[in-house]
Protein chains: 2
Amino acid sequence: MKAESKYQNKYDSCNLTYALNVVGGKWRLPILWALYKHDILRYNELKRAIEGITNMMLTQSLKELENHGIVHRKQYMEIPPRVEYSLTEDGKDLIPALIALAKWGKQIKEKNKRD
Amino acid sequence: MKAESKYQNKYDSCNLTYALNVVGGKWRLPILWALYKHDILRYNELKRAIEGITNMMLTQSLKELENHGIVHRKQYMEIPPRVEYSLTEDGKDLIPALIALAKWGKQIKEKNKRD
DNA sequence: CAGCATCCTACCGGATACTG
DNA sequence: CAGTATCCGGTAGGATGCTG
């Protein structure tokens, strides 16, 4: 895991930077959001839910989220393969913070529109 | 203003993505945090507070934050030039959300360490 | 079905030097 | 003091094709 190296400097006095590195990136939030709404999704369901994402990006993002303990991956040993993804408890803990942020985002987004 | 173009897709159902684009980037949070702690800072004070940042990055980040209405820029017309930066009300509104996120960041950061 | 390997490219962030 | 202008490299993100 080196995703956070770039942003890791002594100014992340708080752990904010760490959090942002975990949920940052182009597809992490859409993934998290989809899992939040649907609870459990299979790989291809996720891919369809997040239209526009490629296998590469989905796999990569999922793996990183999983490594951070935010997403849970359950693999069934059968043919054809079946893998289900869901939020872990830590992942769910994140949601309120995200909602707060989203609320603020909406607030300033609308102000910026009026300019 | 094009910073958010890249992340702007129809999956930012919530306004989260927007918020992250405003606050994302390498130096925005350190700047915001410094302004939060010190209330008002001049350009060079900011630069010193955020050791490692270059003029380019500082100027650029400040301008974007200002354009988003998060940072207030007050310029005194005198020689030598004096410019003071501070958080706007919208900027201050952001702080609680950031703190929530930071708290979560700390939580999972410590879990990840134990792995 | 679920995912990996490769290759490629745009752009973010940085170093350096200059200015009103 | 408070910035701009230019140039540049690394890396996040993407296109495409293959596999157990």
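Within every chain, numbering begins at 1; the chains are lettered A, B, ... in the order of the sequence lines, protein sequences first and strands thereafter. Please read all numbers here as calculations on a predicted model, not as lab measurements.
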Rounded to whole Å, please give me the gap between [atom1] in [X] and [atom2] in [N].
| X | N | atom1 | atom2 | value |
| --- | --- | --- | --- | --- |
| B:Lys63 | D:dG3 | NZ | P | 8 Å |
| A:Ile79 | C:dC1 | CD1 | P | 13 Å |
| A:Asn21 | C:dC12 | CG | C1' | 14 Å |
| A:Tyr43 | D:dG20 | OH | P | 17 Å |
| A:Gln60 | C:dC7 | CD | C1' | 14 Å |

- prompt: Which pairs, with at least one residue in residues 92-103 of chain B and sequence neighbours excluded, count as a salt bridge (Lys or Arg N to Asp or Glu O under 4.0 Å)?
  reply: B:Glu89-B:Lys92
So which nucleotide from [options] ends up closest to the side chain of [X]?
| X | options | answer |
| --- | --- | --- |
| A:Met56 | D:dG3, D:dC1, D:dG14 | D:dG14 |
| B:Met57 | D:dG13, C:dG14, D:dG3 | C:dG14 |
| B:Pro80 | C:dA2, C:dG13, D:dC1 | D:dC1 |
| A:Val83 | C:dA2, D:dT4, D:dG14 | C:dA2 |
| A:Arg42 | C:dA2, C:dG3, D:dC1 | C:dA2 |

field: Touch class at under 4.0 angstrom, heavy-atom based, for A:Thr54 against every strand present
entry: sugar-phosphate
field: Sugar-phosphate only, base, or nothing, as touched by A:Tyr76 at under 4.0 Å among non-hydrogen atoms
entry: nothing
Detail all sub-3.5 Å separations between protein N/O atoms and N/O atoms belonging to nucleotides 18-20 of chain C.
none

Audit row: B:Leu101, A:Leu94, side chain to side chain contact (heavy atoms under 4.5 Å, CB included) steps and yes/no: CA-CA 7 Å; B:Leu101 237 193; A:Leu94 172 62; 3.9 Å; yes
Point-to-point distance, once rounded to the nearest 0.5 Å, from OH of A:Tyr43 to OG1 of A:Thr59: 3.0 Å
